Amino acid sequence: MNRELTKPDYTSLDLPPPPDDRPYVLINMVMSADGKVVVEGTEQGIGSKVDQRLMRELRVNADVVLNGANTLRASGSSSRLGDPVLEHLRIERGKPRLPVAATITATGDLPLERIFFTARDFDAVVYASAETPAAKRKAIEATGRPVVSLPKRAPVKAMLRHMRRDLGADVLLCEGGPTINAQLFEQGLVDEYFVSIGPVIVSGAATLTPGEGANPFTRKTLPQLELVWAVPNPETSEIYCRYRVKR
């Protein structure tokens, strides 16, 4: 196989304009061949260095990179690209050097020692639910990261509306975890789904999958996806998939 076909171009996706009330939403995940996204609590061990590179290339397109609180606690979170070449691509396109990092929390129980809170080379914002204790909000704000309060009704839609209207975000990249992925799919807010399939088997009835909602979809409500590409990499035995959500 031609080596040029072993890795798709994630830096130039030619995305359509976003809706008026939210960014264009991408989800990116890595999962095992049996559909699991964690090993011993994190994603480490499922994807290769090539997959990790693709994750950072995908960030080139994003104005905001979102991780749920569980992912932030387990793996940390940032919006860094890790490569000056990728940063230059963003600057050439009129974007800031790095996307804004974001997380969403109900409890406010966040690891404030993580680079999400301590780094100053990228901006970050915390979206807090109406149930988040005031003391937790103050502790987060003390790190210098702003806290945006979400309403009890439709908090995820309110978060995306804030990103679009207040942050000027055209593209949101959600990197998990499974809970926020499921919420986005349940509310019809996902436009494209990227998933790398790693050549490992994890197993475990309780092991997380890319989407962990409270209730499963039915045959009538299943989100329908259209395959844009599926690129196999014989060097890593991975498959890199891009789907577009049918409307």
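What you see is a predicted model, and the numbers here were worked out from it, not measured in a lab.
Using a cut-off of 4.0 Å between Lys/Arg side-chain N and Asp/Glu carboxylate O, K157 and D21 are scored as not salt-bridged. Using a cut-off of 4.0 Å between Lys/Arg side-chain N and Asp/Glu carboxylate O, D63 and R164 are scored as not salt-bridged. Between D83 and R53 a salt bridge is recorded (basic side-chain N to carboxylate O distance below 4.0 Å). Salt bridge E226/K246: absent, no basic N to carboxylate O contact under 4.0 Å. In summary, E175 and R59 engage in a salt bridge, as defined by a charged side-chain N under 4.0 Å from a carboxylate O.
Between S75 and E43, the closest side-chain pair of non-hydrogen atoms falls below 4.5 Å. Counting only heavy atoms from C-beta outward, the side chains of L58 and M55 never approach each other to under 4.5 Å. Taking the side chain as every heavy atom from C-beta outward, I104 and L150 approach each other to under 4.5 Å. Considering only heavy atoms from C-beta on, Y240 comes within 4.5 Å of V50 through its side chain.
Crowding of D20 atom CG: a count of heavy atoms from other residues, nucleotides or ligands under 6.0 Å not exceeding 12. Taking a 6.0 Å sphere around CD of E92, one finds it holds more than 12 heavy atoms contributed by other residues, nucleotides or ligands.
A continuous path of ILVMFWY side-chain contacts below 4.5 Å connects L54 to V228, so both sit in one hydrophobic cluster. Connection of V190 to M31 is established within a shared hydrophobic cluster, with ILVMFWY side chains joined at heavy-atom distances below 4.5 Å, either directly or through further cluster members.
Between atom CD1 of residue I197 and atom CG of residue N233 there is a gap of 13.0 Å, rounded to the nearest 0.5 Å. Atom OG1 of T132 sits about 5.0 Å away from atom CZ of R137, to the nearest 0.5 Å. Here the CG-CG distance, from L98 to D123, works out to 9.0 Å after rounding to the nearest 0.5 Å. With values rounded to the nearest 0.5 angstrom, N61 atom CG is found 9.5 Å from E192 atom CD. Atom CD of Q224 sits about 12.0 Å away from atom CZ of R247, to the nearest 0.5 Å. Note: Y127 OH to L160 CG = 8.0 Å, rounded to the nearest 0.5 Å.
Cation-pi contact between R90 and F122: absent, since separation from the ring centre below 6.0 Å together with deviation from the ring axis within 45° is not met.
Using cut-offs of 30° and 60° on the angle between ring planes, the pair Y10 and F194 is perpendicular.
Considering S78, S77, S79 in turn, S77 is the only one that fulfils the side chain to side chain donor-acceptor pair (under 3.5 Å) rule with N67.
No hydrogens or angles considered: nothing links the side chains of E113 and T118 as a donor-acceptor pair under 3.5 Å. Under 3.5 Å, the side chains of Y24 and D170 contain no donor-acceptor pair of N or O atoms.
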Stepwise side chain to side chain contact (heavy atoms under 4.5 Å, CB included) test for I27 and D191: CA-CA 8 Å; I27 288 180; D191 296 294; over 6 Å; no

